[in-house]
Amino acid sequence: MKNRPQILFIAPLPPPIHGSAVVSQQIMKGARINEAFSCDWVNLSTSRSMEEINRFRPIKIWRMASALGKTVWLLMTKHYDLCYIALTCHGSSFFKDFPFALFCKLFHKKLVIHQHNKGMANDIDKWPYRLLLPMVYKDAKVILLSWHLYPDIERVVKKENVMVCPNGIKVIQDSEFIVHNQEVKTDDTVEMDRKIPRLLFLSNLVESKGVIVLLDALKILSDKGYSFRCDFVGSETKEFSAMRFSEEVNKRGLTSIAFYEGQKYGNEKEKAYTLSDVFVLPSYDDCFPLVLLEAMAHKLPIVTTNEGGIADIVENGMNGLIAERCKADSLAVCLEKMIVDKVMRKRMGEAGWKILMDRFTEEKFEERMIGIINAIC
């Protein structure tokens with residue numbers, strides 16, 4: 001049997017659950033990837049919950065030191081054809097991650113950086129980013145989730161060193177999807193038969209995901225007399241607690257419309273999707289939200305923004321509607337169309353399913369990743 005390329009993967013793994021960690025875990029467990037390559041893993045994450053992110057904890061220093069020590073040991077004792085790192089390219093997290101990339105370079109290993117975030121354009125003129133970013137990215141290949149994200153790194157990374165690999169998710173096949181819907185209806189007949197449309201926001205409670213903008217849009221629709229419900233599902237964060245959410249809802253008089261449901265995983269998360277009619281994510285700081293793919297897998301029409309690589313996922317008028325970033329009135333207009341037009345919702349949901357199956361399945365993602373890694377090796 002031909003020797004498989006040896007790859008050292010340095011990437012965040014859950015918990016906590018966020019886009020980069022979810023994709024890294026998907027790669028780690030991918031049957032095709034593990035068949036194609038001999039893989040070793042180092043967990044780049046120093047947080048174990050959303051509450052720990054952006055907070056100082058002494059244990060985080062120990063976790064970083066342990067991960068760095070493991071990386072150096074593996075580089076010393078094994079021959080790798082490629083080092084893969086999913087680092088954060090901006091902010092304080094960059095200073096945690098960049099030493100891993102420099103050690104790979106110190107051992108003269110080929111390096112590919114999988115970019116799940118953005119913000120480099122805002123930092124490149126600041127000290128010490130203007131020194132460290134070119135040092136980290138020099139001669140490295142970069143995997144972007146969309147070409148729409150290239151302007152963020154163009155001052156540091158040449159276009160010829162960039163490859164694009166959109167994310168993908170594991171999809172329940174159509175027959176299984178129908179059975180799942182029927183099972184949920186049996187358990188929740190009253191909920192499923194309610195006449196008012198149900199909107200779903202599913203993301204960690206972060207302002208940049210558009211929580212406040214959405215609440216303002218819901219207020220506009222409520223004042224117009226529309227009947228609907230909006231469920232907010234996701235983890236509390238340092239900047240947005242359940243208490244703050246409740247205060248914002250009360251302030252707008254939305255206590256009978258907007259509900260925070262907390263975190264949901266597994267079957268509970270599936271149920272949240274299945275009980276909903278429209279998925280909404282008015283994000284103004286994102287790259288390639290996996291939740292949009294999950295919503296498409298449940299045949300939900302989407303209301304979102306043209307942020308980051310979202311334009312590759314949602315086509316305005318095809319499988320969803322695009323609102324202006326940070327504009328509650330624009331978001332309200334899009335949601336209003338969804339609320340009043342059930343036929344359009346169904347058409348867009350079906351279109352989203354087809355787009356997902358054509359472009360964004362787990363199988364297609366793994367094929368793209370394998371092709372990129374083999375091309376670099």
Inset, instruction - For the residue pair Y80 and D40, confirm or rule out a side-chain donor-acceptor distance under 3.5 Å. - result: yes
Inset, instruction - Tell me yes or no: between the side chains of S146 and D312, is some donor less than 3.5 Å from an acceptor? - result: yes
Inset, instruction - Keeping to residues at least two apart or across chains, list the salt bridge (charged side-chain N to carboxylate O under 4.0 Å, His left out) pairs with something in residues 147-157. - result: D125-R155
Legend entry - Test: K159 cationic atom under 6.0 Å from W147 six-membered ring centre, within 45° of axis: yes
Legend entry - E307 versus S283, side-chain donor and acceptor atoms under 3.5 Å: no
Legend entry - Those residues that, when tested against K269, pass salt bridge (charged side-chain N to carboxylate O under 4.0 Å, His left out) (two or more places apart): E294
Distance-only criterion, 3.5 Å: show the donor-acceptor pairs between side-chain atoms of residues 368-377 and protein atoms not counting sequence neighbours.
unit_1: R368; atom_1: NH1; unit_2: R359; atom_2: O; d: 3.1
unit_1: R368; atom_1: NH2; unit_2: P166; atom_2: O; d: 3.1
unit_1: R368; atom_1: NH2; unit_2: R359; atom_2: O; d: 3.1
unit_1: N374; atom_1: ND2; unit_2: I370; atom_2: O; d: 3.3

Inset, instruction - Kindly assign one of parallel, tilted or perpendicular to the pair H114 and Y84, based on the angle between their ring planes and the thresholds 30° and 60°. - result: perpendicular
Legend entry - Salt-bridge contact D223-K219 (side-chain N to carboxylate O under 4.0 Å): yes
Inset, instruction - Answer yes or no: are there more than 12 heavy-atom neighbours, outside K337 itself, under 6.0 Å from its atom NZ? - result: no
Inset, instruction - Would you check if the distance from the ring center of F360 to the ring center of F365 is below 6.0 Å? - result: no
Inset, instruction - Check whether any side-chain N or O of N319 sits under 3.5 Å from a backbone N or O of A351 as a donor-acceptor pair, and report yes or no. - result: no
Legend entry - Side-chain donor-acceptor contact under 3.5 Å, Y150 with Q115: no
Inset, instruction - Consider only side-chain heavy atoms of I, L, V, M, F, W and Y, link residues closer than 4.5 Å, and tell whether V278 and M318 are in one cluster. - result: yes
Legend entry - Axial cation check for F228 ring with R198, 6.0 Å and 45° limits: no
Inset, instruction - Quick one: sort the F95 and Y129 rings into parallel, tilted or perpendicular, breaks at 30° and 60°. - result: tilted
